[in-house]
Every structure is written in C-alpha cells, then in structure tokens.
Amino acid sequence: MLQIIFVLIISLILIFPMGKYLYHIAVREHTFVDPFFERLDHLIYKVIGLKNKEMKGMSWKKYIIALLLTNAIMVFIGYFILRIQEISLFNPNKIHGMEQGLAFNTIISFITNTNLQDYSGESGLSYLSQMIVITFMMFTSAASGFAVAMAFIRGLSGKFKDMGNFYTDFIRIITRVLLPLSIIGSLILISQGVPQTLIHNLTVHTLEGKLQDIALGPVASLEIIKHLGTNGGGFFGANSAMPFENPNVITNIIEMLSMILLPGGILVAFGYMVSDFRKDKKIKKIEDLPIESIEHEGNITRMTINRPRKSKKVWLGNQAKPLFIVMSILFLLGLGVILWSESKGNPILQHVGLSQSMGSMEGKETRFGVQMSALFTEITTAFTTGSVNNMHDTLTPLSGGIAMINMMLNVVFGGKGVGLMNMVIFVILTVFICGLMIGHTPVYLGKKIEGKEMKLTAMAIIVHPLIILAFSALAVSVAAGVAGVSNPGYHGLSQIVYQYASSSANNGSGFEGLKDNTLFWNFTAGIAMFAGRYVTIILQLAIAGSLMVKPKVNESISSLKTDTFTFTIVLLVIVIVISALTFLPVLVLGPIAEFLKLRG
C-alpha cells in the first residue's frame, strides 16, 4: 500500500510542472529549451516541405482535414510495410508478411492510438515493423491526440482567434515533449534490464537441459513511448507482464508514472489556458493610485486609473478544479473496488481448499503482487493506455467490471487529452441542465451554450456507447462473433463488451481469452477504433469551433459559476447518472451477474 501511495504522490508532484510546460508549448511562450528545439523544428519543416504560408492558424475544419490527411498517409505507408515485412531488412528472425485482415486491424489500431493487438509481437512483426510502423505511430498518434486537445482548449478559452496550426502543434509535441522524455526513459529502462538490440532471437539451454528461444529486439525504445503516449501495445504478446518489458518494481513504477504524466499535465495546461490567473494589486494609500490622466470640467474632476494586475501563483486554474476533483473521485473509487475485490481472492478456489491469503494471484506476476497489479489495472484503463502487467481476463468479476467502466466512461483522466475533452462535453451538458433549472441562458467560459452546441454535445455523448453496445449486440447475434468467446455465460459477454469498450475508447487492452484474430473481430474492432477516434474528435472540435467565434458574455452576480463545489458535485452526479442509464444493463448481465454467481 505504501508503494501505491508513493506512486500517486509522485504523480501529483510531476503533473503540475509538466502541465505548465505544455501550456507554454500550446501558447508558444518562450522556454529555456527553445534555442535548441526551434532549430530542430525548422529542420523538420524543411524536410517535410512545410512552408510559412502553411503554418498559419486554422479553423476547426481545416485542422480536422490536416489531421485526417496526415494520418491517412501514415496508414497507407504503414499498411504497405506490414504486408512486405518479410524482406530481409531488419528481419533477422525471418518473420513473414502480415495477412491483409490482420494488417488492416493493426494499422487502424496504432494510428488511432488504440494499440489493440490481435497478434503476438515477438512472432508477428519484424524489427522493421516494430520500429518504422509500431514505434513511429506511437509517437505520431499520441502527438495527433495532444495537438487536437490543444486546439480544443484554444477554441474554448476565448483567448485565440483560431485553433492554431496542426502541423506545428504536431511537430512541437514530438520534438519538445515525447522525443526527449522517451530518450531519457528508454535509457532508464535499459539500465534496469530492458533489451535494446537488433540481434536475432537467442536459443539457449535451460536449467532443465532443454532448448528455449529467447526473443529480443528494440524493446526499450518502444516500451517508454508506449506508456508516455498512452499507447499500450507491447513488443511481446504478454505486454508489461513480460520481464523483458517490465523487469522489476522500479520499471513498473516508471511505466505507471509515464502513463499518468501527460494526461494529468494536459488538465493542468487546460487550467492555465482558460483561466485568468491575474489579481488586482492592493492599494493602501490614495497616493499609490496609478492615475493615467486627469480631466477638469467645471467643479467635476475625472481621473482615469490604469490599475495593473499581477499574476497569481497558482497550481491549477479554477475551471480545471471541478474536472480534476471529479476525475480523482472516480479514479479512487475504481481503485478501491479493484483492491478490495482482488484481495478477497477467488471464492471457488477457496471452496476447494486453496488458501487465498495473498488475494487472487491468478494471471498476476509474483514480483508485483495483488496491490501493484491492481494499481496498474486502474491506471491503464483510466488513462486509456491499454498496457497490462497482469491478464485482465483473470481478474475477479468486479475488477474486470471496473476496468470496463473506466473505458465506458472515458472521462477518468484518459489519454492524449481524451479524458479532458470528454469531461468538458459533460461540463457543457451540466451547464445546460443547470441553466434551465435556474432560468438563465447556459454560459460556459463566457460563451453562450445554444441549440447548435447542444446537438453536437448530445451526439458526442451518444457516439461512444452506441459503438460499444451496437457492436456487442452484433457479436452476440452472429456465429462469427460467438465463436470468439472462450468462456460461455456471463464472462463470455464480458469478453465481448470489453473488446468493443477497449476499441471505442482507444484503450487497446483486452480480455485475452477472446479469440479475436478472425475476419469478423479484426474488421468490426477496426471500425470501432476508427469511429471512436475520429468521429468523436470531429464533433468535439466542431463544438470548440462554434464557441470560439461567439462573442464573450459578461458575467453578472446571478451567472452560473462553474468553479464551485456545488457545480462539481452536480457534474459528478450527471456523469454517473448518464453512464449508469447507458451501461448498467449490460454490466448487470456481465460482471455483476458473474460476481453474484461466484458469491452465491
């Protein structure tokens, strides 16, 4: 438990300076690293042929088009490499080209930052694919997500005339955040025993006198960006449960902190970008009044006062506090349930006489135990990373249910700014409902929330559960879907729902008992990943773009305050109620029914 408290405290310490740094990058304020990185940025601009006229601010529509075109080009190149990876270049283990259905699923998975893997990395990909496709897309998909989050915040803040430029945002995130942090992180992982090599697999004699193949490769460079970019795809099939990806408690903590760092930081950056951190200087004497001009008109004297304001020293903006509190409450509640459920063990094993004093250790690594496995599970599903240091298919029913709920909500911090953007959608809904209750026009961040914004908000809230529930219904209705289920009954339904929740939330983890490397699962999960990523982004940027062009509304004493404790509680209740109405029936039929059956 001390390790859990340590990780959470360190994460809080790290996200605030990282958030301020992301804020400086978003608003292009000067930082001490600019002299070096500006040269690197301009070099990249020259290489890709980006001209000054193409670096101007964009509307939300142009921003989306630039995002889609850039991602589309990477999809075609990546798909081509996966299909021809059997060439000898960086392929010492002679891996064959990937089958077209699996290649489609894989390339969609990694361009959408989902990293759902229907293949085993050590036997399914050459080193060329691992570096040029997988690791490369872990950088670019994460950068795309963070760039969109910054554009979204600019649109909401009312302080910018445009959404910014996608290409410059995209490159600056990579060069100033992802790349330097990945270099430092990979060196730390290498020092702890994570491989980083291009040699072929080794065949060794085991202590039992048998032969065993030891898979190697450029692991450390993939491992760090996998967590920093909330990607989640592993070099090995066992992901972060594999000792070569996650050798010890130190690397386990580093990987968890890496998952938290940037999603937490973007929330802090949001606070800086939308809030006013300035306050009036106190005037103690009338002589201290900053008089700008004096006009005399008869017996009347008019003075114009230019009252300068100084910046407050704050850690989190007022507008970010409600979001942070609601996210933290949901996170801690989920963590508490998983810890409790896993510590109780498996009642079936206890019934047959096996001690459960260590908790439910099925599917877990002994070097991590129940507590650190539970924390990893909560973080990877709440921050939509998808990497695993234990097998989620073997979680107790309530723990598996919490993992699903995190992805169904998709607002508990989330990755790449996704959690922030989704939570803001719920904030807009809350503002609208509260505005109707008090009889005032709904206003958020000084902008009126009107019919157009509410239609887009409703669509943005509906699209995620629609993808999950519609595809789940399809899977249980056709033979191709049911054929993938390895555990019939309640757990089998959980396997199906988890797969599509993970796909739509761009998480990528799975109940690994599902036989998902088939045409049906590759295709339907690929569509779910694509729609969950791009449809949601388009709707959210459309909302921000609509609010950006609206005139600012002056606040009055009766205006709804969105930074109060009362508003925070209302926001929490609305998130829970909307989510419960949407997902509770399927949760009752899956993990809750399985829990009651085991306890009965």
Side-chain angles (χ1 to χ4, degrees), residues 22-23 25-28 53-72 112 143-170 172-173 266-267 269-275 317 319-320 323 410-411 414 416-432 435 441-464 530-553 562:
L22 291 174
Y23 163 72
I25 293 174
V27 300
R28 298 205 165 206
K53 65 179 181 180
E54 296 168 330
M55 297 168 63
K56 296 179 181 179
M58 297 177 172
S59 65
W60 74 269
K61 292 180 181 179
K62 289 184 177 179
Y63 206 97
I64 283 292
I65 291 172
L67 165 71
L68 295 177
L69 289 176
T70 303
N71 283 200
T112 59
S144 297
F146 282 118
V148 168
M150 288 181 173
F152 179 75
I153 299 171
R154 289 189 193 108
L156 293 177
S157 68
K159 300 178 182 178
F160 301 87
K161 296 180 179 179
D162 52 60
M163 290 283 188
N165 184 281
F166 171 75
Y167 302 112
T168 56
D169 287 341
F170 178 76
R172 284 166 65 86
I173 284 293
I266 199 71
L267 180 61
F270 169 80
Y272 276 98
M273 291 177 71
V274 303
S275 301
Q319 296 299 333
L323 282 64
N410 209 15
V411 297
K416 318 162 292 292
V418 168
L420 167 68
M421 295 165 68
N422 289 337
M423 182 62 82
V424 169
I425 298 300
F426 277 99
V427 169
I428 293 174
L429 177 63
T430 305
V431 167
F432 180 77
T441 302
V443 176
Y444 182 55
L445 299 177
K447 302 295 182 74
K448 286 185 180 180
I449 307 298
E450 298 178 304
K452 179 181 179 180
E453 290 78 36
M454 285 314 304
K455 290 175 183 177
L456 291 169
T457 298
M459 292 171 64
I461 291 175
I462 290 172
V463 66
H464 179 58
F530 185 87
R533 170 80 159 185
Y534 295 110
V535 173
T536 305
I537 283 177
I538 291 171
L539 292 171
Q540 289 167 337
L541 281 191
I543 294 170
S546 177
L547 292 175
M548 183 176 64
V549 298
K550 287 190 173 186
K552 199 96 169 175
V553 177
T562 56

Which distance, rounded to the nearest 0.5 Å, do you find between the [atom1] of [X] and the [atom2] of [Y]?
X    : Y    : atom1 : atom2 : value
M421 : I153 : CE    : CD1   : 8.5 Å
L541 : R154 : CG    : CZ    : 11.0 Å
T441 : F432 : OG1   : CZ    : 10.5 Å
F166 : I64  : CZ    : CD1   : 9.0 Å
F530 : N71  : CZ    : CG    : 9.0 Å
T168 : I25  : OG1   : CD1   : 12.0 Å

- Quick one: does S546's side chain have a donor or acceptor within less than 3.5 Å of a partner on I543's backbone? no
Please report the shortest heavy-atom distance between [X] and [Y], naming the atom on each side.
X    : Y    : result
G417 : A149 : CA-CB, 3.9 Å
A320 : G271 : CB-CA, 3.7 Å
M58  : A66  : CE-CB, 4.1 Å
S275 : G317 : OG-CA, 3.6 Å
A460 : I425 : CB-CG2, 4.2 Å
Y63  : A147 : OH-O, 2.9 Å

Can you confirm whether [X] is buried at [atom1], in the sense that more than 12 heavy atoms of other residues, nucleotides or ligands lie under 6.0 Å from that atom?
X    : atom1 : result
M459 : CE    : no
K552 : NZ    : yes
K550 : NZ    : yes

Is any side-chain heavy atom of [Y] closer than 4.5 Å to one of [X]?
X    : Y    : result
M273 : F160 : yes
I537 : F152 : no
M150 : I173 : yes
L547 : I449 : yes

- Check the pair V424 / Y444 against side chain to side chain contact (heavy atoms under 4.5 Å, CB included), numbers first and verdict last. CA-CA 10 Å; V424 169; Y444 182 55; 4.2 Å; yes
- Message: I'd like to know whether R172 forms a side chain to side chain contact (heavy atoms under 4.5 Å, CB included) with R28, so could you lay out the CA-CA distance, the side-chain angles of the two residues, the decisive distance to 0.1 Å, and finally the verdict.
- Response: CA-CA 10 Å; R172 284 166 65 86; R28 298 205 165 206; 3.8 Å; yes
- Query: Would N422 and T536 satisfy side chain to side chain contact (heavy atoms under 4.5 Å, CB included), going step by step from the backbone distance to the final call?
  - Reply: CA-CA 9 Å; N422 289 337; T536 305; 4.0 Å; yes
- Passing candidate, side chain to side chain contact (heavy atoms under 4.5 Å, CB included) with M423, options V418, V411, I428: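 For M423, the side chain to side chain contact (heavy atoms under 4.5 Å, CB included) test succeeds with only one of V418, V411, I428, which is V411.
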- Task: Would you check, one step at a time, whether the test side chain to side chain contact (heavy atoms under 4.5 Å, CB included) holds for F270 with L323?
- Result: CA-CA 10 Å; F270 169 80; L323 282 64; 4.0 Å; yes
- Message: One thing to verify: whether K447 and E453 come together as a salt bridge, which I'm taking to mean a side-chain N less than 4.0 angstrom from a carboxylate O.
- Response: no
